[in-house]
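What follows is a set of notes on a single structure, which appears directly below.
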Amino acid sequence: MSLLVVGSVALDSVETPFGKHERILGGSATHFSVAASYFTSVNLVAVVGNDFPDGHLELFKKRQIGLEGLEKQTGPTFHWKGKYEYDLNQAITLQTQLGVFESFDPKIPANLKQPEYLFLANIDPRLQYKVLQQMSTRPKLVALDTMNFWIQNSLEDLKQIMAKIDLLIINEGEARQITGESNLMKAWRKIATLGPKTLIVKRGEYGAIMFQDGHVFSAPALPLEEIKDPTGAGDSFAGGVMGYLARLQATDWNTLKQAIIFGSAMASFNVEDFSCQRIVNLSLEEINERAQSFYHLASFESDLL
Ligand code: AMP
């Protein structure tokens, strides 16, 4: 049940209509690994600077996330500054400072080179490629996330790594930006030609939609009353999806559908507070209960006329 993730571990400065916080724990690999840690054992590959507070490392340890692949270097930790206005689906990036990620050259420790499941979380596609290249055996499933920053600045690198993966997990805007297609079915057809056999499109408060061959599955998002900060929703969604697949040791269509529900449950917890504050202290009962509420939200009798 091994799961490896490479991505950003960051200090985020975030403003939403519900509060403003400076230099809180963030990063794609952070939200991902905390969410996935409820399902399976997770190892993290990333780099932080010497300004990274020790207290944050304790949070990873508390969730038993393997930190052997987390390097500490002299320099500033990756810093993302963003805000959300009333449309919480739309993050507005104010600043991206790569810091120690700029010169990061990941060296995967020998005992982490055979994960069964690999998640290339949102980070420079060249780093995603370097990590995949170092695997001594091809993982059962390789999934990838990215964002507008990389699509805009490194599309060719992104296409190179996309050719090597099985599952692409991106949001609606990113699917359109990569393909130039506004229709999601058409975007999926183009993405399939770039490599991935399966595409999951995250649609924020409207849920998620998955494509594979001729199949399509759509999952709702829970209508939540308490949303404070959507940062990391996509990563915690992916953490739930990949964690669930690793736990069940399966990647078939039905398991993927269930995985999306658990991913959606993890994302719904993540947005209830800033940083990882809400998802760091969950119980399995809470997670199961929330996953169950998706079933009630979307199930109906299918009597015909
Ligand atoms: P999301 O799940 O899409 O809301 O991801 C939010 C996280 O992505 C934040 O905690 C940021 O630190 C991180 N992030 C923002 N921009 C980048 C980037 N260009 N590369 C990697 N991670 C980023």
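Counting starts at 1 for both ligands and their atoms, following the listed order.
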Ligand 1 and I123, any nitrogen or oxygen pair closer than 3.5 angstrom?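 In fact, backbone or side chain, I123 has no N or O that close.
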Any N or O of G27 that comes nearer than 3.5 Å to an N or O of ligand 1?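 In this structure, G27 places an N or O atom under 3.5 Å from an N or O of ligand 1.
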Just checking, any donor-acceptor pair under 3.5 angstrom between side chains of [X] and [Y]?
{"X": "D157", "Y": "Q160", "value": "no"}
{"X": "N111", "Y": "E68", "value": "yes"}
{"X": "Q114", "Y": "T137", "value": "no"}
{"X": "Q249", "Y": "K140", "value": "yes"}
{"X": "T251", "Y": "Y117", "value": "no"}

Mark up the atoms of ligand 1 that fall under 4.0 Å of a heavy atom belonging to [X], in ascending order.
{"X": "T231", "value": "4 (O), 6 (C), 9 (C), 10 (O)"}
{"X": "A10", "value": "12 (O)"}
{"X": "G234", "value": "2 (O)"}
{"X": "F149", "value": "19 (N)"}
{"X": "G26", "value": "10 (O)"}

Pairs touching residues 7-31 that satisfy salt bridge (charged side-chain N to carboxylate O under 4.0 Å, His left out), sequence neighbours left out: R23-D51
How far is [atom] from the closest protein heavy atom, and which atom is that?
{"atom": "atom 8 (O) of ligand 1", "value": "S28 N, 4.0 Å"}
{"atom": "atom 4 (O) of ligand 1", "value": "G232 N, 2.7 Å"}
{"atom": "atom 22 (N) of ligand 1", "value": "S8 OG, 2.8 Å"}
{"atom": "atom 3 (O) of ligand 1", "value": "D235 OD2, 4.2 Å"}

Heavy atoms only: which of [options] lies closest to [atom]?
{"atom": "atom 16 (N) of ligand 1", "options": "M147, H31, E174, Q97", "value": "M147"}
{"atom": "atom 21 (C) of ligand 1", "options": "V9, V14, N122", "value": "N122"}
{"atom": "atom 9 (C) of ligand 1", "options": "I170, L11, D12", "value": "D12"}

Determine whether any heavy atom of F78 lies closer than 4.0 Å to an atom of ligand 1.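 Right, F78 reaches ligand 1.
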Residue-ligand contact W150/ligand 1, heavy atom below 4.0 Å: yes
More than 12 heavy atoms of other groups within 6.0 Å of Q97 CD: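 Yes.
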With a 6.0 Å cut-off (strictly less than), is the heavy-atom count around CD of Q64, excluding the residue itself, greater than 12? no
Taking salt bridge (charged side-chain N to carboxylate O under 4.0 Å, His left out) as the criterion, tell me which of K186, R176, K190 meets it with E181. K190
If you link ILVMFWY side chains whenever their heavy atoms are less than 4.5 Å apart, which other residues fall into the same cluster as I92? By chain and number, please. L94
At under 4.0 Å between heavy atoms, is it the side chain or the backbone of A233 that contacts ligand 1, or both, or neither?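 Under 4.0 Å from ligand 1, A233 contributes backbone atoms alone.
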Closer than 4.0 angstrom, basic N to acidic O: yes or no for R138 and D166? yes
